[in-house]
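What follows is a single structure, written as structure tokens, with notes after it.
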Amino acid sequence: MIDISEEQINLHSPYKVSRIAENSFVFVTDYDILFNVGFTSDYMLMEEGAYQLFIMNEEGKPSPNDPKVKDTVASIIKDFLNSEPAVVIYICDTADNRQAIRNRLFVRWFKEYGNEDYIFKNEQVRIDDIDYFGSIIMHKSHPVHEEIEAKFHEFVTNLPTKLS
């Protein structure tokens, strides 16, 4: 796992972020909503160096549009990507059929926050009448970014045949 600096995150985060596990952090919003944000190793694209991002509203409370949440999550992701050449994978949860909304929000967050230092790819695939959305983020300086982008696209394109 990558060692993320809680102190570094808090230098740029509007909300106070606390570590609860190796690569898992929590913060509470002004609206008293507890978020858990973190990374787990993922082997879909690569044998090592890829991590799935999770962003969870721990109590499922309705969350108003709060730009400080985006800024806090962005601080966590930025520190993670600055730690070493890594790929962040984000797959929208489909459990409540709100994956399209989550995807639009995540894409908007990245467009508002992202800069020329990062590569962001977003893909959609429909399987059995369910739309799945996924994204990857990495530094443009990642040593094999073109290869990873191609693998991500290939993975998404071939996913329906792998699941049937």
Side-chain angles (χ1 to χ4, degrees), residues 1-2 4 20-27 29 33-67 69-78 80-81 83-140 142-164:
M1 277 291 177
I2 296 174
I4 304 171
I20 59 168
E22 188 172 12
N23 282 327
S24 184
F25 301 87
V26 293
F27 62 92
T29 71
I33 297 171
L34 176 67
F35 279 93
N36 183 350
V37 178
F39 306 88
T40 58
S41 294
D42 189 291
Y43 305 101
M44 289 188 302
L45 295 178
M46 305 162 50
E47 289 184 27
E48 59 181 52
Y51 300 87
Q52 194 167 131
L53 166 70
F54 59 86
I55 305 168
M56 297 183 329
N57 175 333
E58 284 293 316
E59 297 152 350
K61 291 181 183 176
S63 179
N65 184 10
D66 180 354
V69 171
K70 171 195 62 148
D71 295 339
T72 302
V73 171
S75 293
I76 295 168
I77 294 171
K78 182 178 179 183
F80 186 81
L81 288 172
S83 297
E84 73 174 59
V87 178
V88 171
I89 301 166
Y90 177 70
I91 299 173
C92 297
D93 182 16
T94 61
D96 60 1
N97 256 353
R98 296 174 50 90
Q99 63 270 22
I101 294 167
R102 286 184 186 93
N103 184 64
R104 281 193 300 274
L105 179 63
F106 192 71
V107 169
R108 186 182 65 184
W109 280 5
F110 186 81
K111 286 182 179 178
E112 290 174 8
Y113 174 77
N115 61 38
E116 63 278 348
D117 294 335
Y118 300 102
I119 294 169
F120 176 82
K121 296 292 179 188
N122 184 262
E123 299 264 356
Q124 174 183 354
V125 64
R126 187 170 188 84
I127 303 170
D128 296 332
D129 296 326
I130 299 173
D131 290 316
Y132 294 86
F133 299 89
S135 302
I136 57 170
I137 304 171
M138 67 189 124
H139 267 287
K140 284 185 177 173
H142 192 289
V144 291
H145 70 85
E146 291 172 349
E147 200 176 299
I148 294 166
E149 289 177 70
K151 281 184 181 180
F152 179 65
H153 180 72
E154 181 182 331
F155 176 81
V156 171
T157 302
N158 294 325
L159 190 59
T161 57
K162 290 179 181 180
L163 296 178
S164 38

Are any of the side-chain heavy atoms of [X] and [Y] separated by less than 4.5 Å?
| X | Y | value |
| --- | --- | --- |
| Glu149 | Met138 | yes |
| Phe110 | Ser135 | no |
| Thr94 | Tyr132 | yes |
| Phe155 | Leu45 | yes |
| Ile89 | Leu53 | no |
| Leu81 | Ile137 | yes |
| Val73 | Phe35 | no |

Point-to-point distance, once rounded to the nearest 0.5 Å, from [atom1] of [X] to [atom2] of [Y]:
| X | Y | atom1 | atom2 | result |
| --- | --- | --- | --- | --- |
| Cys92 | Arg98 | SG | CZ | 11.5 Å |
| Met46 | Tyr51 | CE | OH | 8.5 Å |
| Asn103 | Gln124 | CG | CD | 7.5 Å |
| His142 | Ile136 | NE2 | CD1 | 9.5 Å |
| Asp66 | Thr29 | CG | OG1 | 5.5 Å |
| Asn57 | Leu34 | CG | CG | 8.0 Å |

- Query: Would you find a donor on one side and an acceptor on the other, under 3.5 Å apart, between the side chain of Arg102 and the backbone of Asp93?
  - Reply: yes
- Message: Looking at Asp131, is its backbone amide N or carbonyl O close enough to the side chain of Gln99 to form a donor-acceptor pair, meaning the two atoms are under 3.5 Å apart?
- Response: yes
- Can you name the closest pair of heavy atoms from Ile33 and Pro64 and give their distance? CD1-CD, 3.9 Å
- Over all heavy atoms of both residues, which pair between Ala86 and Phe80 is shortest? Give the atoms and the distance, please. CB-CE2, 4.0 Å
- Message: side chain to side chain contact (heavy atoms under 4.5 Å, CB included) for Ile76 and Phe39? Distances and angles first, verdict last.
- Response: CA-CA 10 Å; Ile76 295 168; Phe39 306 88; 3.7 Å; yes
- Item | CA sep, side-chain torsions, deciding dist, call: Trp109, Val69, side chain to side chain contact (heavy atoms under 4.5 Å, CB included) | CA-CA 10 Å; Trp109 280 5; Val69 171; 3.8 Å; yes
- Tyr90: partners by ring-ring contact (aromatic ring centres under 6.0 Å, His included), with sequence neighbours left out: Phe106
- Partners of His139 by ring-ring contact (aromatic ring centres under 6.0 Å, His included), sequence neighbours excluded? Tyr118
With sequence neighbours excluded, tell me which residues meet salt bridge (Lys or Arg N to Asp or Glu O under 4.0 Å) with [X].
| X | answer |
| --- | --- |
| Asp71 | none |
| Glu47 | none |
| Arg104 | none |

- Yes or no on side chain to side chain contact (heavy atoms under 4.5 Å, CB included) for Asn36 and Phe25, after CA distance, side-chain angles and deciding distance? CA-CA 6 Å; Asn36 183 350; Phe25 301 87; 5.8 Å; no
- Crowding at CD, Glu59 (>12 non-hydrogen neighbours, <6.0 Å): yes
- Near Lys121 NZ, under 6.0 Å, is it more than 12 heavy atoms from other residues, nucleotides or ligands? no
- Could you go through the side chain to side chain contact (heavy atoms under 4.5 Å, CB included) check for Ile91 and Met44 one step at a time? CA-CA 12 Å; Ile91 299 173; Met44 289 188 302; 3.5 Å; yes
- Item | Non-neighbouring partners of Thr157 that pass side-chain contact (heavy atoms from CB on, under 4.5 Å), sequence neighbours left out | His153
